[in-house]
Amino acid sequence: MDYTQSGSDILLKQPDFGLDDTLDCGQAFRWEKIDKKTYSGAFLNNKLTISEEPENGVFRLHDTTVQNFENIWIDYFDLNTDYGELKRRFSENETLSKACSFAGGIRILRQDSWEALSSFIISQNNNIPRIKGIIGRLCEHYSGYPSAEDMADETIDSLAYLRSGFRAKYLVDAIEKILSGEIDYQKIKEMPLDDARNELMKIKGVGPKVADCTLLFGFYKTDAFPKDVWVKRVLAQWYPNGLPSCVKGVEGIAQQYLFHYIRNTQK
DNA sequence: TTCCAGGCGTATC
DNA sequence: GATACGCATGGA
């Protein structure tokens, strides 16, 4: 990773990165493609517009400072992790090797815990365009992604405008358990995977899959391996006897390459 | 019209 | 522990 300031922008050189692969692969739901090579989105209340400039071999982070880049975006885009090294590790397995070649620009976004939890509650038995719609209405209503505290007074009825269906009651339960302290992010951060998953599953509407997505994308537990309908197809088709040893400890990162691969090659 | 979507709660055995 | 079924909503 290598970056420089250019006027009011930051220019980033990062070979193992692609905006379509990372920002539109179903791990985060509020990055918006505003033209062919540019996305707009946010981490918490920090907005960002980022463009790919392949002719210069750089990414342009618009209107940001070295300080913001170092304090926020290096971590969010996981720029201190060597994805080239991970892909070399994965390439010893045939299917993973194809998946990494198919979308070599995937990176895991280190998202906010609440945004990941609430987004993946909304995601259950749902499709990605509709998930984006619900989250878009939520953010429009609050002028940004609301915290659990912001949503303290929400009820099933007050959330009706989201048209999130049966998931509204799950959001209300999650808000309650977080505000009461029954669910404690700090404790979850320190727990091993199985304990952390059980802790999150105390929330109604959070089962193994939503919990693992929350732990992978919202707590950066890279050993969490969410099994949705697509990944179950991957396992049945290519890994009937389990995952290869080359993914040990980073199962979740491998999962993201596999998810994107099967979803975009087998409709 | 029916089927499906980054699943889960509940009932039943 | 496994399996069957309903669930809000909207696009294909």
Side-chain angles (χ1 to χ4, degrees), chain A residues 20-31 41 99 102-103 106-138 140-141 154-177 183 193-194 196-239 243 251-267:
Chain A
D20 289 330
D21 287 350
T22 294
L23 301 178
D24 194 21
C25 68
Q27 58 171 323
F29 301 101
R30 59 184 182 124
W31 285 94
F102 180 75
I106 288 178
R107 309 180 72 82
I108 301 291
L109 297 170
R110 295 192 184 217
Q111 300 180 62
D112 171 62
S113 299
W114 168 247
E115 179 172 340
L117 172 60
S118 48
S119 294
F120 283 95
I121 286 173
I122 291 166
S123 80
Q124 69 177 81
N125 194 226
N126 213 341
N127 56 60
I128 291 177
R130 199 165 163 266
I131 298 164
K132 287 183 176 173
I134 293 168
I135 291 172
R137 290 188 283 279
L138 179 67
E140 190 176 3
H141 182 83
E154 295 289 5
T155 63
I156 295 172
D157 288 338
S158 73
L159 291 174
Y161 73 94
L162 292 179
R163 303 199 298 281
S164 62
F166 61 88
R167 306 165 191 84
K169 57 181 177 291
Y170 300 151
L171 288 173
V172 170
D173 191 61
I175 293 162
E176 262 177 35
K177 288 193 165 73
I183 299 293
L193 180 62
D194 289 347
R197 183 189 300 115
N198 286 330
E199 193 65 16
L200 284 172
M201 285 172 57
K202 291 178 180 171
I203 299 167
K204 279 183 208 150
V206 177
K209 193 275 174 179
V210 170
D212 280 347
C213 281
T214 304
L215 293 170
L216 176 59
F217 303 123
F219 288 87
Y220 202 69
K221 289 194 184 285
T222 56
D223 52 342
F225 186 81
K227 290 179 192 158
D228 73 309
V229 290
W230 294 99
V231 172
K232 284 176 183 167
R233 282 169 207 158
V234 168
L235 294 176
Q237 200 169 326
W238 290 302
Y239 302 106
L243 292 170
E251 291 87 346
I253 300 179
Q255 189 268 13
Q256 197 55 31
Y257 289 103
L258 292 169
F259 170 78
H260 192 266
Y261 179 56
I262 194 166
R263 213 171 79 86
N264 290 284
T265 54
Q266 298 186 12
K267 210 185 68 153

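Only this structure's heavy atoms are used, side chains among them; waters, hydrogens and symmetry mates stay out. The chains referred to below are lettered A, B, ... by the order of the sequence lines, with proteins before strands, and numbering in each begins at 1. Keep in mind the model is a prediction, meaning the values are calculated, not measured.
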Exercise. Is the backbone of A/His260 close enough, under 3.5 Å, to the side chain of A/Asn264 for a donor and an acceptor to pair up by distance?
Worked result: yes
Problem set entry | Whole angstrom value for the distance that separates P of C/dA8 from CG of A/Asp157 | 13 Å
Exercise. When you check the phosphate oxygens OP1 and OP2 of B/dG7, does a side-chain N or O of A/Lys232 lie under 4.0 Å from one of them?
Worked result: no
Exercise. What is the distance from CH2 of A/Trp230 to P of B/dA5, rounded to the nearest Å?
Worked result: 6 Å
Exercise. Looking for any heavy atom pair under 4.0 Å, which part of the strands does A/Gly205 touch: base, sugar-phosphate only, or nothing?
Worked result: sugar-phosphate
For this session: Could you tell me whether the side chain of A/Ser119 reaches within less than 4.5 Å of the side chain of A/Arg30, counting heavy atoms only?
Result: no
Problem set entry | 5'-most by nearest nucleotide on DNA chain B - A/Val206 or A/Arg233 | A/Arg233
For this session: Please report, rounded to the nearest Å, how far the P atom of C/dT9 is from the CG atom of A/Leu162.
Result: 11 Å
Exercise. Looking at C/dA8, does its base get a donor-acceptor pair with the side chain of A/Asn125 below 3.5 Å?
Worked result: yes
Problem set entry | Separation of atom NZ in A/Lys209 from atom P in B/dG9, rounded to whole Å | 14 Å
Exercise. For A/Glu140, does the CD atom sit with more than 12 other heavy atoms under 6.0 Å from it, leaving out its own atoms?
Worked result: no
For this session: Have a look at A/Pro208 and say if it touches a base, only the backbone sugar-phosphate, or nothing, with a 4.0 Å heavy-atom cut-off.
Result: sugar-phosphate
Problem set entry | Euclidean distance, atom CG of residue A/Leu171 to atom P of C/dC7 [Å, nearest integer] | 20 Å
Seminar exercise, completed: Per nearest nucleotide of DNA chain B, the residue lying toward the 5' end, A/Arg130 or A/Ala211, is A/Arg130
Exercise. Reckon A/Arg163 touches a base, only the sugar-phosphate, or nothing at all at heavy-atom distances under 4.0 Å?
Worked result: sugar-phosphate
For this session: Using the P atom as the reference point in each nucleotide, state the distance between C/dA8 and B/dA11 in Å, no decimals.
Result: 15 Å
Exercise. Going through the checks in order, is the side chain to side chain contact (heavy atoms under 4.5 Å, CB included) test met by A/Leu23 and A/Leu109?
Worked result: CA-CA 8 Å; A/Leu23 301 178; A/Leu109 297 170; 4.0 Å; yes
Exercise. Just to confirm, is there a sub-4.0 Å distance from OP1 or OP2 of B/dA5 to any side-chain nitrogen or oxygen of A/Arg167?
Worked result: no
Problem set entry | Near-ring test A/Phe120/A/Phe29, centroid separation under 6.0 angstrom | yes
Exercise. For the pair made of CD1 in A/Ile131 and P in C/dG11, what is the distance, rounded to whole Å?
Worked result: 14 Å
For this session: Grab the CG-C1' distance between A/Asn127 and C/dT9 for me, whole Å please.
Result: 9 Å
For this session: Please report, rounded to the nearest Å, how far the C1' atom of C/dA12 is from the CD1 atom of A/Ile128.
Result: 16 Å
Seminar exercise, completed: Closest to the side chain of A/Tyr170, out of B/dA5, B/dG9, C/dT9, is B/dG9
